[in-house]
Amino acid sequence: MTEATIQRIAVVTGASRGIGEATARALAADGHHVVMLARSVPAMEAIAQQIASNGGQAEALEADITDHAGLAATIEGIAQKHGRLDILVNNAGITRDNLMLRMSDEEFDQVIHANLRSVFITCRAALRPMMRGKWGRIINVGSVAGVAGNAGQANYAAAKAGLAGMTKSLAKEMAAKNITANLVAPGFVETSMTEKLPDTIKELARKATPLGRFGQPEEIAAAIAFLAGERAGFITGQVLAVDGGMTMA
Ligand code: NAP
C-alpha cells in the first residue's frame, strides 16, 4: 500500500457529541477507522452506526478523561488491537467556571486534571505505536481562552494555554519521527458546552467575533481533519485559531 492508501487508525476523545462527534464523522468520511472515546457509550454507538451506514468505519469505547490509568490502558489496548495508532485527537474537555476570587482548589484542580494532564497521558501512550508506524498526527483541542484569557475561566484558560506549550514541546521532540503535533483553538461554537451560557454572554461573544456568529462543530472538525491528513505533513507545532476572527492580531 502507498502512504495515501494506508487505512489510518484515529482516536477521538469526547466523541459522543459536539466537536468530537463532528470530528469522528469527518475523519471517517476521509476513510480513517475511528475509535470514539467518551463516557456515553450508547450515544457513540448510534453515531458509529450512522458512520457505518455511510460506508465509514467507527467503534465506540468507554473512557473517562479523569481516570488516567484507565485512559492510558485504553490507548495501549487500541494500538494493540489494531496493530497501529496513527491519529490522536484530544478533544474531550470540561469547564468549572468561576471568578478567581471565588474559585475553589477543587474547581482549579479538576479542570487541570481533566483538560491538561489527561492529554499528557494519552499523548505519551500514543507515541510508541506512532513511532513504530513512522507516522503520526496529534491534534489537541485548545481554546481562544487559552490564547487570550477569559474572565471566569482561569482554570480552563490555564489548562488550554498549557496544552499549547505541551503541543509545541511534543512537536519538537517528535519531528524527527515524522509525528506532527498541532493545537486547534476554537472560538465560540454551538455545542452543549456553550448552550448553558447566559444570553448576555452569548451576545458579547457574538459581538467579539468579527464573523458575527458562533461556529458550527463541523467547522472545527474540518480543520482537525485537515491537520490529521496526508496533506498537512509539513505543519507542526502550530496553534490554529478557528474562531471567526476573534483573536486575530
Ligand atoms: P461538549 O459538547 O460539552 O462535549 C464534550 C465532550 O467531552 C463529550 O463528548 C463528553 O462525553 C466528553 N467528556 C466530558 N467529560 C468527560 C470525561 N470525564 N471523560 C470522557 N469524556 C468526557 O463540548 P464541545 O463544545 O464539543 O467541546 C469539545 C472541546 O472543544 C473541549 O475541549 C472544549 O474545551 C473545546 N472548546 C469548545 C468551545 C465551544 O465553544 N464549544 C470553544 C473552545 C474550545 P461524555 O459526557 O459522554 O463523557
Side-chain angles (χ1 to χ4, degrees), residues 12-27 36-40 43-44 46-47 63-66 89-100 102-104 106-116 118-119 139-164 167 182-227 239-248:
V12 181
T13 71
S16 60
R17 58 179 185 271
I19 293 168
E21 172 185 349
T23 299
R25 291 182 190 278
L27 292 175
M36 307 166 71
L37 305 183
R39 293 165 303 178
S40 314
M44 289 190 294
I47 298 161
D64 186 340
I65 53 166
T66 67
V89 181
N90 285 299
N91 161 78
I94 61 164
T95 52
R96 296 285 182 272
D97 296 353
N98 220 337
L99 293 173
M100 197 188 280
R102 297 191 200 121
M103 188 176 284
S104 67
E106 290 72 27
E107 284 167 336
F108 186 81
D109 289 346
Q110 276 174 11
V111 171
I112 298 295
H113 187 79
N115 291 6
L116 181 60
S118 71
V119 176
I139 300 106
N140 295 326
V141 178
S143 168
V144 288
V147 177
N150 196 22
Q153 291 197 310
N155 49 1
Y156 181 81
K160 295 299 193 184
L163 282 182
T167 305
N182 292 287
L183 184 93
V184 168
F188 282 80
V189 183
E190 245 177 69
T191 69
S192 62
M193 187 176 267
T194 49
E195 204 176 23
K196 58 191 176 199
L197 293 173
D199 285 344
T200 48
I201 301 287
K202 284 187 193 164
E203 200 38 46
L204 281 175
R206 226 168 259 125
K207 282 197 179 127
T209 304
L211 285 177
R213 63 174 177 87
F214 275 38
Q216 293 302 311
E218 293 73 20
E219 294 177 302
I220 312 302
I224 295 172
F226 169 68
L227 289 170
V239 174
L240 175 60
V242 186
D243 64 357
M246 190 177 227
T247 57
M248 76 173 91

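The structure displayed is predicted, hence computed values, not measured ones.
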Under 3.5 Å donor-acceptor, Lys202 side chain and Glu195 backbone:
yes

side-chain hydrogen bond (donor to acceptor under 3.5 Å, both in side chains) with Thr200: which residues, sequence neighbours excluded?
none

So, for Ala145 and Gln153, which heavy atoms are closest and what is the spacing to 0.1 Å?
CB-OE1, 3.7 Å

Rounded to the nearest 0.5 Å, what separates atom CD in Gln110 from atom CD1 in Ile112?
11.5 Å

side-chain hydrogen bond (donor to acceptor under 3.5 Å, both in side chains) with Ser40: which residues, sequence neighbours excluded?
none

Check: Thr95 side chain, Asp97 main-chain N or O, donor-acceptor pair, under 3.5 Å
no

Heavy-atom closest pair (Ala26 atom, Ala225 atom, distance to 0.1 Å) is CB-CB, 4.1 Å

Working to the nearest 0.5 Å, report the span between NZ of Lys196 and CD1 of Ile201.
13.5 Å

The reported gap from OG1 in Thr23 to CD1 in Ile224 (rounded to nearest 0.5 angstrom) is 3.5 Å

Looking only at non-hydrogen atoms, find the nearest pair between Thr191 and Pro217 and report the distance.
CG2-CG, 4.0 Å

Qualifying residues under side-chain contact (heavy atoms from CB on, under 4.5 Å), relative to Val119, sequence neighbours excluded
Asn90, Cys123, Asn140, Leu163, Met166

Test of understanding: with side-chain hydrogen bond (donor to acceptor under 3.5 Å, both in side chains), list the residues that count as partners of Glu203, not counting sequence neighbours.
Arg206

Backbone N/O of Arg96 and side chain of Asn155: donor-acceptor pair under 3.5 Å:
yes

Going from OG1 on Thr66 to CD1 on Ile94, what distance comes out if it is rounded to the nearest 0.5 angstrom?
8.0 Å

Do Ser143 side-chain atoms and Ala185 backbone N/O form a donor-acceptor pair below 3.5 Å?
no

For Thr209 and Gly244 the tightest heavy-atom approach is CG2-O, 3.6 Å

Lys160 side chain to Val141 main-chain N or O, any donor-acceptor pair under 3.5 Å?
yes

Verdict with supporting geometry, Tyr156 and Asn150, side-chain contact (heavy atoms from CB on, under 4.5 Å)
CA-CA 9 Å; Tyr156 181 81; Asn150 196 22; over 6 Å; no

For a quick test of reading the model, state the closest non-hydrogen atom pair linking Phe214 to Glu190 and the distance between them.
CD2-N, 4.1 Å

With sequence neighbours excluded, residues passing side-chain hydrogen bond (donor to acceptor under 3.5 Å, both in side chains) with Thr194
none

Could you report the tightest heavy-atom contact between Ala15 and Ile47, atom names first, then the distance?
O-CD1, 3.6 Å

Can you list the residues that meet the side-chain contact (heavy atoms from CB on, under 4.5 Å) rule with Glu219, with sequence neighbours excluded?
Arg213, Gln216

Between the side chain of Asp243 and the main-chain N/O of Pro186, is any donor-acceptor distance below 3.5 Å?
no

Find the distance between NE2 (His113) and CD1 (Ile65) and round it off to the nearest 0.5 Å.
9.0 Å

Rounded distance [0.5 Å steps], CZ in Phe226 versus CG in Asn182
9.5 Å

